[in-house]
Structure formats: structure tokens, C-alpha cells
Enquirer: 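Take a look at this one; I'll ask things after.
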There are 2 protein chains.
Amino acid sequence: MVEDDVQEQLVKIGAKMRKDYSDALRDINIHVGQDRALCQLWKEDGITQVQLSERISCEPPTVSNMVKKLEDYGLVQRSRDKHDARISRVYLTERGREIQAPVSEIWNKQQEKLLQGIQQDELFLVRRILQQMLQNLT
Amino acid sequence: MVEDDVQEQLVKIGAKMRKDYSDALRDINIHVGQDRALCQLWKEDGITQVQLSERISCEPPTVSNMVKKLEDYGLVQRSRDKHDARISRVYLTERGREIQAPVSEIWNKQQEKLLQGIQQDELFLVRRILQQMLQNLT
DNA sequence: CGAAAATCATTAGCAAGCTAATCTTAGCAA
DNA sequence: TTGCTAAGATTAGCTTGCTAATGATTTTCG
């Protein structure tokens, strides 16, 4: 009963994942997309907005708006760089650090669901091919 | 150099595909997402908005707004059902039918790019597994 | 028959994510 | 030094897509 082409499958999976993920994140009061920014800050706290936009592959205005929301929610704090007044650095607050665990749990739970019944060797191959696709798009 | 987990790969591929696709569709003056509605109408002209929302897997308010835009652009036309005044049916206009070819071309070109260097048997396996993932999410 | 429930659509309000345009500050060169 | 250019951030304005609430019709059931 496979009818769609690969692209269609990817679009559907992407939409469904985003939807489910969004629903789960709602319980901890953040929006899908914001988790990617937070995830990067958990690795590199205090980076600039331009750096953040590069890391999570989106445009500077998107980051600007998102960080503003995150600041409203009390998860991050912006502060001007001492040596370069153009630069705004983004720092996690205590609460911003605290939600790392619940976000990880949601992420892992979703991945587990996604991979049900898929063999290890199949998974390996799929990852290799997805990696190839990603390169093709670059 | 494969570091990300599958979920991360899928998110990245999804985002990049959407971005590239969006850029390409801009040339013919439609937005990403709208193509899915149009694509369905090319198969089933004159369906209701609820039916359309089911077919393209999104919520009725999303369709309501999108169809309004598409009507502004002159690609579709809404009209009230004769026998049931609650129902609004969506019909393609001449222009709506005309852009099927360019949209298909963009879609196919993108798929070709996505699948570069991937063998037929690999592709077959990937599609099977993606199908499984889609079922897992349902 | 007539009220309650179900169905379809819409509106209001939110956030992601984009492009184009603008503002501020820093760096560089004449 | 002064003016031009580059870099970082923001604002304005757009569409997707969502949820919650509302409006309009139709169906169903007492």
C-alpha cells in the first residue's frame, strides 16, 4: 500500500512529527522550534544571535523574535556584549537550564515511537541514506 | 561523519526541503502548503473544506484561511453547496488548473535532486521504512 | 413539532519562519 | 578625521498552522 513518492513521505512524516512534538512541548509551555534554540544553548551558552541562527539553520529575524519570546517566558536573558555594542548575547536562566531534562525526555520518547519495529541494520542504512539526501540538498 | 539521530536528520531534511521548495514556488507566486491543497483539487475538484482538510492533514481553520488566500490570488473559487448551506465547496479556476504543470516540474526537479546517487534497491528499502515510521506515528 | 446536538465554516489570537527595509555600531580607507 | 562600508540586530509585513471560541445550518430525538 505504498503509493506516495519519497518526498511525499518525508513531508508527511515531518508534519506529523512536528505536530506530535508540538503537542508534547505544550505541556511544558514551550513551542516547537524554540527547543532547537534551547538545545543549542545547552551546548553553548552565551553565543550571539547570529551564531545561534547559523547553528539552528534559520534566519536572524526568526531568532530575534524567538529569543524575545523566550525572554518573556523567563528561559533566557539577552545582554549586550561588553566590547561590541552591536552584539547581543543569549544566556540561559536557571529555568532555561531546568527544562533540559523534560525536553530530552519528550524527544527520546518520540524517537522511540518513531523507530518501533525497525531493525538495527535497517536503521543504519536509513541513516546513511538520509545523510546522503541532506548532502544532496546542500 | 554521521552524528545526528534519525529524528534530527528528518527535521533537518524537512526544513531544508521546505525552504528550497518555498523558494522555487515563489517564482510562480504561491506559498508552500498551498501546493498541497491545489494538488488535491487537481485530483478532486469541488470538494468541501472539511474534506480538503482531511486529505491534506491539517485543521479546518488552516484550510479556511488558505482557501481565502487562494481565492484572493484567483486560483480557486468558493461556492455554497446547493443542498446544504453549511457547506462551502472549493473549485479551481482556469489559472488554478494552469499552474499544475509548473508545480509538478518544481516538485520533480526537487525530488531528482534529493535522490542523487541513491540506488534503486536502497530507495526501495528506505521507502518501506519511511512507511513504517509513518504508521508508527499514527 | 420543537429543542438539543452535531456539522461546517469562520474569526480571533498565538508563534514559527521568511524577506525586505531600517537602525546602530564598528572597522577601514582616503 | 571623516566618510563609506560591513556587521549585528531589529521592525514591518506576509503566510502557514495551530487552538479556542463563535456563528450558521442541518439533523436528530423526545
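By convention in this document, chain letters (A, B, ...) are assigned in the order of the sequence lines, proteins followed by strands, and residues within each chain are numbered from 1. Here the structure is a predicted model, which means the values were calculated and not measured.
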Enquirer: Encode nucleotides 9-20 of chain D as B, S and - characters from 5' to 3', where the letter depends on protein heavy atoms closer than 4.0 Å: B to the base, S only to sugar-phosphate, - to neither.
Expert: SBB---SSSBBB
Enquirer: Kindly indicate, with the supporting measurements, whether the criterion salt bridge (charged side-chain N to carboxylate O under 4.0 Å, His left out) is fulfilled by B/Arg97 and B/Glu94.
Expert: CA-CA 5 Å; B/Arg97 272 185 291 272; B/Glu94 190 52 38; 3.5 Å; yes
Enquirer: Any salt bridge between A/Asp72 and A/Lys68, counting N to O under 4.0 Å?
Expert: no
Enquirer: Starting at atom NZ of A/Lys82, determine the distance to atom P of C/dT25, rounded to an integer number of angstrom.
Expert: 17 Å
Enquirer: Any carboxylate oxygen within less than 4.0 angstrom of a Lys/Arg side-chain nitrogen, looking at A/Glu8 and B/Arg36?
Expert: yes
Enquirer: For B/Ile30 and C/dC18, what is the distance between atoms CD1 and C1' respectively, to the nearest whole Å?
Expert: 16 Å
Enquirer: Tell me yes or no: between the side chains of A/Trp107 and A/Asp35, is some donor less than 3.5 Å from an acceptor?
Expert: no
Enquirer: Round to the nearest Å and state the distance from B/Lys16 atom NZ to C/dC18 atom P.
Expert: 11 Å
Enquirer: Using atom CG of A/Asp81 as one end and atom C1' of D/dA7 as the other, report the distance to the nearest whole Å.
Expert: 13 Å
Enquirer: For the NZ atom of B/Lys109 and the CG atom of B/Leu114, what is their distance to the nearest 0.5 Å?
Expert: 15.5 Å
Enquirer: Report the base-pairing partner of C/dG2 (Watson-Crick or G-U wobble, both distances below 3.5 angstrom), or none.
Expert: D/dC29
Enquirer: Side chains of A/Gln77 and A/Thr93: do they bring a donor and an acceptor to under 3.5 Å?
Expert: no
